[in-house]
Amino acid sequence: MKKRIGSYPRVRVGGGGRTVVSQERGILLVETVRKTGLGRVISTALTPWRRPRAVHDPGKILLDVALAVALGGDCLAYVGMLRAEPAVFGAVASDPTVSRLIDSLASVGPKALAAIRTARAQVREKVWK
């Protein structure tokens, strides 16, 4: 059902009927991230905020938060819903790790926001071409 490529596993749909993914709406979003290159670009943009020996990539964490919100979440802890579907969303950071990243990004405010906006603009330009 899955092959790991990039930040998120590649999900394949089969007719066996043995496995059911409860967050099928997320598959479209994950594939959009993959096809546009957003995961790679946002990870590169947030490299300055990656802590030494960090297990989770800040770009992936931020994308997981965005996915959780897009799927109906209304707080950071909603990434737990993604954690329940590792075949679709891959390894998802713990709630404390997510909170620490958000605190770190918030502490530099405009600098982090500029990095995120630049990454989004790069991807948007590529997609529109």
K.L.:
With a 4.5 Å limit on heavy-atom distance, are the side chains of Ser99 and Leu76 in contact?
P.N.:
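In contact.
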K.L.:
Kindly list each side-chain donor-acceptor pair under 3.5 angstrom involving residues 121-129, sequence neighbours excluded, with atom names and distances?
P.N.:
from, atom 1, to, atom 2, distance (Å)
Lys126, NZ, Thr36, O, 3.1

K.L.:
Can you tell me how far apart CG (Leu29) and CZ (Phe89) are? Round to the nearest 0.5 Å.
P.N.:
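Going from the CG atom of Leu29 to the CZ atom of Phe89 covers 7.5 Å.
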K.L.:
Of all residues at least two apart in sequence or in a different chain, which pass the salt bridge (charged side-chain N to carboxylate O under 4.0 Å, His left out) check with Arg83?
P.N.:
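Counting only residues at least two positions away or on another chain, Arg83 forms a salt bridge (charged side-chain N to carboxylate O under 4.0 Å, His left out) with Asp95.
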K.L.:
With salt bridge (Lys or Arg N to Asp or Glu O under 4.0 Å) as the rule and sequence neighbours excluded, what pairs involving residues 64-77 come up?
P.N.:
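Sorted pair list: Lys60-Asp64.
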K.L.:
Quick one: which of Val98, Val69, Ile61 gives a side chain to side chain contact (heavy atoms under 4.5 Å, CB included) with Val79?
P.N.:
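Passing option: Val98.
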K.L.:
Which value, rounded to the nearest 0.5 Å, describes the distance between Tyr78 atom OH and Leu67 atom CG?
P.N.:
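Answer for the OH-CG pair, Tyr78 versus Leu67, is 12.0 Å.
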K.L.:
Between Leu113 and Leu38, is there a shared hydrophobic cluster once you connect ILVMFWY residues whose side-chain heavy atoms come closer than 4.5 Å?
P.N.:
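Leu113 does not cluster with Leu38.
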K.L.:
Which side-chain N or O atoms in residues 100-108 pair as donor and acceptor under 3.5 Å with protein atoms at least two apart or in another chain?
P.N.:
from, atom 1, to, atom 2, distance (Å)
Arg100, NH2, Thr97, OG1, 3.1
Ser107, OG, Ser104, O, 2.7

K.L.:
Look up atom CD1 in Ile42 and atom OG1 in Thr118, then write down how far apart they are to the nearest 0.5 Å.
P.N.:
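It comes to 9.5 Å.
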K.L.:
Identify each donor-acceptor pair in which a side-chain atom of residues 45-53 lies under 3.5 Å from a protein atom, sequence neighbours left out, and give them as a table.
P.N.:
from, atom 1, to, atom 2, distance (Å)
Thr47, OG1, Ser43, O, 3.1
Thr47, OG1, Thr44, O, 3.0
Arg50, NH1, Asp57, OD1, 3.4
Arg50, NH2, Ala54, O, 3.1

